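Residue numbering restarts at 1 for every chain, and letters A, B, ... go by the order of the sequence lines. Predicted model only: the values in this text are computed from it and were never measured.
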2 protein chains.
Amino acid sequence: MAAGQHHFQRVSIATVERETGLSKDTLRMWERRYGFPRPARDDNGERAYPPEQLEKLRLIRRFMDLGHRPGKIVAAPMHELSARMRLLDAASRGELAAAGGLHEVLRLLKAHRINEMRDHLAHLMMRQGLQRFLLDTVTPANEEVGRAWMRGEIAVYEEHLYSEQIQHLLRQAIGSSNNDGGAPRVLLTTLPGEEHQLGLLMAHAFLSIEGAHCISLGVQTPIFDIARASREQRADIIGLSFSQAMQARMACEGLGELRRLLDARIELWAGGLLWQRVRRRMPGVRTLGSLADIMPALTEWRGRRSGQAA
Amino acid sequence: MAAGQHHFQRVSIATVERETGLSKDTLRMWERRYGFPRPARDDNGERAYPPEQLEKLRLIRRFMDLGHRPGKIVAAPMHELSARMRLLDAASRGELAAAGGLHEVLRLLKAHRINEMRDHLAHLMMRQGLQRFLLDTVTPANEEVGRAWMRGEIAVYEEHLYSEQIQHLLRQAIGSSNNDGGAPRVLLTTLPGEEHQLGLLMAHAFLSIEGAHCISLGVQTPIFDIARASREQRADIIGLSFSQAMQARMACEGLGELRRLLDARIELWAGGLLWQRVRRRMPGVRTLGSLADIMPALTEWRGRRSGQAA
DNA sequence: GCCGCCATTTTGTCCAAGACAAATTTGTTT
DNA sequence: AAACAAATTTGTCTTGGACAAAATGGCGGC
């Protein structure tokens with residue numbers, strides 16, 4: 001019977017791509033260069049990744065999202081990576097400390113008491129008002145949930161659950177604040193390849209409070225259609241959201257292409273956590289690394305506008 | 001000067017993949033087999049697709065979503081494809097006729113009077129009740145918007161706008177109907193690769209009305225996490241939504257893998273428009289081609305459950 | 001005429017190994 | 001310390017071959 005042939009859930013390269021977000025080309029290239037992953041082969045000679053390697057790839061992905069480079073981590077042994085990640089976790093654990101109702105949110109999430117979590121969040125929103133809620137509760141809570149996920153304290157699906165509840169709250173809030181005829185007119189969406197909605201929704205809520213007229217297209221609008229929509233909806237500003245996970249290259253390429261398609265008088269604001277790790281500035285594009293950056297940008301715009309009008 | 005070198009916005013293969021949803025491998029294979037697309041090459045010898053070819057590829061994608069096979073259409077000249085698409089459009093145009101407030105919805109959408117459209121939809125929902133609203137208004141309206149898009153009467157971004165407004169309404173409706181402790185417990189999500197939310201949201205709303213306890217994870221949950229969530233949330237049923245655009249192969253592969261990971265007593269329901277064109281049935285998976293199919297499935301489940309209990 | 005079964009064609013994905021440009025790091029000079 | 005140049009790292013693109021899964025078409029039996 002020996003070690004046995006319990007080939008236990010080996011998966012194809014397409015599955016690994018789907019689950020890790022690493023392209024097939026990249027996976028093959030790492031195998032060539034760093035000797036990892038080194039999948040088995042099925043009867044057909046095709047790569048068949050065992051679950052341990054998939055798990056290590058997921059861990060590597062976390063490091064990469066934190067800005068690490070593959071050369072330094074892909075070949076490293078699993079136990080070393082785990083140890084390093086634990087170290088990072090310990091460091092980030094210190095930061096939490098303050099921040100009001102967050103512990104409670106995390107506690108309820110981990111306990112699977114989702115409805116109570118939602119009620120708790122709703123209560124906070126009522127008490128703080130939408131703006132403070134976004135800046136002081138949702139933003140740090142997102143970070144904390146991300147960290148908890150990195151620490152392995154919560155599962156991916158729990159992060160999804162959390163995200164759904166927040167979206168729920170924000171959509172309800174947005175629904176009730178409706179500023180027709182407000183200025184500026186902001187067209188909100190994400191580029192193809194960026195499927196994360198939460199950042200977009202938070203920006204939408206924030207801008208709505210500030211009296212901007214928001215037109216949201218949801219996620220993943222093709223570039224040509226963004227340009228078309230901006231003309232037909234007479235947008236002053238196009239707001240695009242980019243999550244940490246988005247590939248910087250795709251983002252910059254897409255932004256450049258969009259900028260070329262647009263009239264110069266339309267502003268292009270690129271927001272989201274991506275810009276906290278990607279320094280690169282692009283001509284004709286304003287990058288906003290956090291929600292709080294929206295406020296001064298908006299003030300500036302209004303200053304320019306009233307200056308021109310005068 | 002000749003034909004000139006106005007290389008006018010030629011795009012990379014990655015961009016074409018992003019915009020059409022056709023994989024790089026497929027694009028290269030079509031080029032080899034059918035002689036189309038035949039992109040120019042940039043200074044670096046890499047494919048550079050002119051906008052006409054991108055446009056034709058988009059049209060081909062529409063045909064494929066309707067069930068046509070590439071061999072028959074990829075090599076066909078553009079004018080023939082356009083003509084055939086116009087014919088199909090004319091045919092579907094007849095079907096509309098009936099259906100109450102739909103014309104109004106489409107009219108407002110095309111006129112960019114989005115807020116009025118939302119108010120109109122909200123009014124219909126109030127008058128009809130959520131269930132009839134979903135079956136008699138939203139479902140046909142989705143189809144009509146899809147057709148209008150195929151006819152070129154509305155832009156992609158207008159479809160996005162429509163979709164956003166519907167989502168808004170449904171989320172508000174779901175928020176107010178909250179059945180803790182209901183049965184069955186249904187875990188709702190989509191597989192990685194399926195980013196369309198609307199179908200999921202409609203299923204969520206429908207199941208909520210019927211008294212099921214819904215737990216939504218949003219879109220694109222990795223398969224292992226779906227399995228984990230179903231255990232930890234003690235789900236009776238996992239409901240997955242698949243849009244027309246989803247690749248059948250990926251869907252079936254993912255479903256098979258998930259089914260293997262699950263306890264046999266957990267049911268797997270696969271819903272969405274995909275199953276109207278994909279016949280293939282899979283063991284241990286119940287396919288639901290439309291919202292209306294949910295009702296009998298639910299009745300059956302409750303019958304089985306009460307039968308076992310007795 | 002309709003259904004099930006088998007052979008054939010169609011089609012998408014996978015593979016290998018090479019190439020190169022963009023991004024990042026490192027080293028040097030002002 | 002900052003700016004510039006050289007070296008390294010890294011992801012994506014290339015070709016052409018191969019093959020399995022899915023769809024189609026033909027055939028025989030009910």
Note to self: Heavy-atom nearest nucleotide on DNA chain D for B:Arg32 versus B:Ala48: which residue maps closer to 5'?
What the structure shows: B:Ala48
Checklist line | Partner residues of B:Phe63 under the ring pair (Phe, Tyr, Trp, His ring centres under 6.0 Å) criterion, sequence neighbours left out | finding: B:His68
Margin query: Please determine whether a side-chain nitrogen or oxygen atom of B:Trp30 lies at a distance below 4.0 Å from atom OP1 or OP2 of C:dT11.
Written below: no
Notebook entry, point to check: What is the distance, rounded to the nearest whole Å, between atom NE2 of B:His68 and atom P of D:dA23?
Noted result: 15 Å
Check: For A:Asp25 and C:dA17, what is the distance between atoms CG and P respectively, to the nearest whole Å?
Finding: 15 Å
Checklist line | Which residue lies more 5' along DNA chain D, comparing B:Ala14 with A:Asp43 via nearest heavy atoms | finding: B:Ala14
Check: B:Asn44 near the nucleic acid: base, sugar-phosphate alone, or nothing, with a heavy-atom cut-off under 4.0 Å?
Finding: sugar-phosphate
Notebook entry, point to check: Taking only residues at least two apart or on different chains, which pairs with a member in residues 29-39 of chain A satisfy salt bridge (charged side-chain N to carboxylate O under 4.0 Å, His left out)?
Noted result: A:Glu31-A:Arg41, A:Glu31-A:Arg47
Check: For B:His160, does the NE2 atom sit with more than 12 other heavy atoms under 6.0 Å from it, leaving out its own atoms?
Finding: yes
Next item on the list: Return no unless some side-chain N or O of A:Arg41 is found under 4.0 Å from OP1 or OP2 of C:dA16.
Entry: yes
Item checked: Value in whole Å for how far the P atom of C:dA16 lies from CZ of A:Arg33 -> 16 Å
Item checked: Under the side-chain hydrogen bond (donor to acceptor under 3.5 Å, both in side chains) test, residues paired with B:Arg260 that sit two or more places apart -> A:Gln9
Item checked: Atom-to-atom span, CZ of A:Arg28 to P of D:dT12 - whole angstrom -> 12 Å
Next item on the list: May I ask you to say what A:Arg47 touches in the nucleic acid, namely base, sugar-phosphate or nothing, with a heavy-atom cut-off under 4.0 Å?
Entry: sugar-phosphate
Note to self: Can you tell me if A:Thr26 touches the phosphate of D:dT10, counting only side-chain N or O atoms and a distance under 4.0 Å to OP1 or OP2?
What the structure shows: no
Check: Measuring from B:Glu19:CD to B:Leu57:CG, what's the distance to the nearest 0.5 Å?
Finding: 11.5 Å
Margin query: At 10 degrees resolution, what angle do the end axes of the helix from C:dG1-D:dC30 to C:dT30-D:dA1 form when each is taken over five base pairs?
Written below: 40°
Item checked: Spacing of A:Ile13 atom CD1 relative to C:dT13 atom C1', expressed in whole Å -> 10 Å
Identify each atom pair where a protein N or O and an N or O of nucleotides 7-10 of chain C are less than 3.5 Å apart, giving names and distance.
unit_1	atom_1	unit_2	atom_2	d
C:dT10	O3'	B:Arg69	NH2	3.4

Checklist line | Partner residues of B:Asp225 under the side-chain hydrogen bond (donor to acceptor under 3.5 Å, both in side chains) criterion, sequence neighbours left out | finding: none
Next item on the list: Examine distances only and state if a side-chain atom of A:Arg10 and a backbone atom of A:Pro50 form a donor-acceptor pair shorter than 3.5 Å.
Entry: no
Note to self: If I take atom CD in residue A:Glu31 and atom P in nucleotide C:dC14, what distance separates them, rounded to the nearest angstrom?
What the structure shows: 14 Å
Checklist line | Rounded distance (Å) that lies between atom C1' of D:dT14 and atom CD of B:Glu17 | finding: 15 Å
Notebook entry, point to check: Can you check whether A:Lys24 has a side-chain N or O nearer than 4.0 Å to OP1 or OP2 of C:dT13?
Noted result: no
Note to self: Measuring only between side-chain heavy atoms, which start at C-beta, is B:Val285 closer than 4.5 Å to B:Trp269?
What the structure shows: no
Notebook entry, point to check: With a 4.0 Å cut-off, would you call B:Arg286 and B:Glu300 a salt bridge?
Noted result: yes
Check: What is the distance from CD of B:Glu46 to C1' of C:dC20, rounded to the nearest Å?
Finding: 8 Å
